[in-house]
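Take a look at the structure below.
Ligands are counted one by one from 1 in listed order, and the atoms in each one are counted from 1 as well.
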Amino acid sequence: MKISVVGLGYVGLPLAIQFANSNVTVLGLDLDDAKVNMIKEGRSYIKHVARETIENVVKADRLCASTDFSRIKEVEAVIICVPTPLNKNREPDISFILKTGRTIAPHLAKGTLVVLESTTYPGTTDEDLRAVLEEGSGMKAGADFHLAFSPEREDPANDQSRVKLIPKVVGGYTQVCLERAMALYGKAIDTLVPVSSCRVAEATKLLENIFRSVNIALVNELKIVYGAMGIDIWEVIDAAKTKPFGFMPFYPGPGLGGHCIPIDPFYLTWKAREFNQHTRFIELAGEINTRMPEHVVNKVVLALNSHAKALKGSKVLLVGLAYKPNVDDERESPGYVLMELLSERGATVEYHDPHVPMIRPTREHAHFAGQKSVDWNAGNIASFDLVLIATNHACVNYQQLADWARCIVDTRNAMAGLAIASGKVWKA
Ligand SMILES: NC(=O)c1ccc[n+]([C@@H]2O[C@H](COP(=O)([O-])OP(=O)(O)OC[C@H]3O[C@@H](n4cnc5c(N)ncnc54)[C@H](O)[C@@H]3O)[C@@H](O)[C@H]2O)c1
């Protein structure tokens, strides 16, 4: 069987490799020449995807990459894994999905299966994507070609081989579409969870992400409330999670990050308006989570104050720019928001992140582009008035930080249990 994966990012590349390792020939398509060329050379551009993993499947002719979308005619199934961001007004931007649909439609052979994996609001697959595919191909979904939605559940800090082990929800436009999609994923994934429609599958992914966003907001709020009472939220969570039923631990932090949790819930908020419905939990969680960086900056001010220093003119080192531990992905990271807020208030801000050696150009934080991760040594760390831990990568030596730093604000409980001078660490 030969299939195509369109969009070779954090989701598409591990999925393409999983299929390639399951005796499926995969044509990876992307607009980005750099990614396509790296795959051709058997190189990886994602930290947790090993070079050898790509090299093996490329050498075995199981995976090839291209920017030529007319090659869609060669495949029996197309899986779309392109971005679904929010626009400037925080509304869903499904333009990447629609563009992909328009590009592939003229090349679709009769009987091809098209599966969308990008996280999106219910109705995207059977309304929006279906419309552009039908218009561009002159064929009918469910009759001439098959259509399905199957959300990705990639967990970036985990080994990519887990793709095979994570149960996969699949919804089809028709029963036959569902059967075709189940047959496809059955080649590469151990457990499939069929649902009655594309919309149910789309709604399932949103529930999973909203669940995280709301629970993170809850512990973020409790962190502040308990903090005011002199109670440490991390100790409380550690105790609560010993309950063997009905509790799942979530941890506070400096705000939400990544490509999913801060964004996806608002896809539902937008769509719900069409049905005159309100998503109050989502809005409230968003409000609490987006306020967290302000809370952290206030703690930085207090900590500096205790050293008779003003934030203005101080040197602050942010440790951990990636949005979560042990990944190299800093998209939507609250670390950027913290750097912005601190700089706006007159601090000089630098960062240390072994997984992000240099800040890439981004639209939102263009002025940080090119800034390099500060080298890790006693002299450098001691030269900062304050170190702010935004993400707790496992590869950072926190005992050295305890020994070298003058003052630490810790948003991740990374310094817990270490030998450290009293008053040096402020939890935020
Ligand atoms: N990253 C995660 O952990 C994760 C987890 C679950 C779901 N998702 C969802 O999966 C989708 C993809 O996310 P990602 O993290 O892989 O994004 P990504 O930015 O890492 O990768 C997207 C890729 O698509 C390519 N692309 C963009 N437009 C294209 C087009 N028109 N044609 C072909 N290629 C195109 C980009 O060049 C890029 O390589 C999003 O909807 C996201 O919400 C992501």
Indicate the ring-plane relationship of Tyr336 and His365, choosing parallel, tilted or perpendicular according to the 30° and 60° boundaries.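 Parallel, since the angle between the ring planes stays under 30°.
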Side-chain donor-acceptor contact under 3.5 Å, Thr25 with Arg62: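 Checked: Thr25/Arg62 side chains pair up, N/O donor to acceptor below 3.5 Å.
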Regarding Thr125 and Glu202, do their side chains bring together a donor and an acceptor under 3.5 Å, going by distance alone? yes
Is the side chain of Lys47 donor-acceptor paired with the backbone N or O of Asn326 at a distance under 3.5 Å, no angle test? yes
4.5 Å side-chain heavy-atom contact, Thr67 and Leu31: no
Within the protein, residues bringing a heavy atom under 4.0 Å of ligand 1, chain by chain: Val6, Gly7, Leu8, Gly9, Tyr10, Val11, Asp30, Leu31, Asp32, Lys35, Phe69, Cys81, Val82, Pro83, Thr84, Phe96, Thr100, Ser118, Thr119, Glu152, Glu154, Pro156, Lys205, His259, Cys260, Arg331
Over 12 foreign heavy atoms within 6.0 Å of CZ, Arg345: yes
